[in-house]
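In what follows, every chain begins at residue 1, and chains take the letters A, B, ... in the order their sequences are listed.
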Amino acid sequence: MAPLLHTGHLGKFLQASAIHAGHSEPALVALTFLPVAIMAALTALEAGARVGLTAAARLRDAYLGSPPASRLAALGLAISASVHVAIAVAEPHGGTLLAVLLALDGTALLAIACWAAVLAVPGWRTAAAALLSAGLVAYAVAVGGGLEELDVVGVATKLVEVATLGTLFAAARRPATDGGLFR
Amino acid sequence: MNLARIYAIVFGVVYTLVGLIGFAVAPGLDTGTLIVFQVNALHNVAHLAVGLLGVVAFLTGRNIEYARMMAVLFAVLTVVGFGPQPLLGLIPIGGLDIPLHAATALLAGAAGWLYWSRPQAKPAA
């Protein structure tokens, strides 16, 4: 049957990626459910605050007081964390050690994302910058040393991490001004 | 926190992107695989429509109406997903679509009916 839309090179690239998605599939599934998880977490926070849980109210207020750049950085960290944890759970080619390292890295990234979004405590930018930089260097070394093949999901994740590093500086330079997008 | 507003932009953007990318892997009525989800052109059009509606709702302030519409629509789609697939011989919405549609409906319900910010009434002059 003839396609309704001709997507050209992009289509061929994505079709090839979809076939290639083999070992990246868990990461892509995790990314699909990430918005659902974020929305569920915010709903739970709001629900907790409305029923009078002090901790939930405090976290919600901290979230509402955080600058948009910090929330964007938190989103970037959460994306990276999801990919790392999903790949770790799916048992990567590198074996158990690599799985443990990826799981630890992902958990730490997720913790920093939460720190950035709902804790009014400074210091998260330094931790995030250190962890993201370490991850980027490790990936470059692994690819350069032939331990890992370049794939679409890996490269895209690293691009998100580079962009997140950029947002960290923006978050540091611009204090909270208005409500932002996700108020 | 205005959950309906957050819901509209988050799900609006995500479904719009999913709809657009879906056309790259399944541009016709034949079923293709997007990650682990079965999609075809009609499914992509549906994703694109609900996604763009979300973005429009966010921009026009009709967030609550959008969230409520999504809750009802996706609750129905979740139930229908358990039936014979593809739906009406046209759109595949079974398998992993079911938990995704269910989560979309539940969160939309929470955002649309339970937790949303009422507009602040202006004090009388």
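- Criterion: ILVMFWY side-chain heavy atoms under 4.5 Å apart, direct or through other members. Under it, A/Ile87 and A/Val100 are not part of a common hydrophobic cluster.
- Hydrophobic clustering of Ile, Leu, Val, Met, Phe, Trp and Tyr side chains at less than 4.5 Å, counting indirect connections, unites B/Val76 with B/Leu53.
- Side-chain heavy atoms closer than 4.5 Å link hydrophobic residues (I, L, V, M, F, W, Y) into clusters, and following such links, even through other members, never connects A/Val83 to A/Leu150.
- Considering every non-hydrogen atom in both A/Arg50 and B/Met1, the closest pair reads NH2-O, 4.2 Å.
- If you chain together hydrophobic residues whose side chains sit under 4.5 Å apart, A/Leu104 and A/Leu132 never meet in one group.
- Within residues 29-38 of chain A, the residues having any heavy atom under 4.5 Å from a heavy atom of chain B are, by residue number, A/Val29, A/Thr32, A/Phe33, A/Pro35, A/Val36.
- Among B/Leu107, B/Leu106, B/Ile6, the single residue meeting the side-chain contact (heavy atoms from CB on, under 4.5 Å) criterion with A/Thr43 is B/Leu107.
- No path of Ile, Leu, Val, Met, Phe, Trp and Tyr side chains, each step under 4.5 Å between heavy atoms, connects B/Val72 with B/Ile98, placing them in separate hydrophobic clusters.
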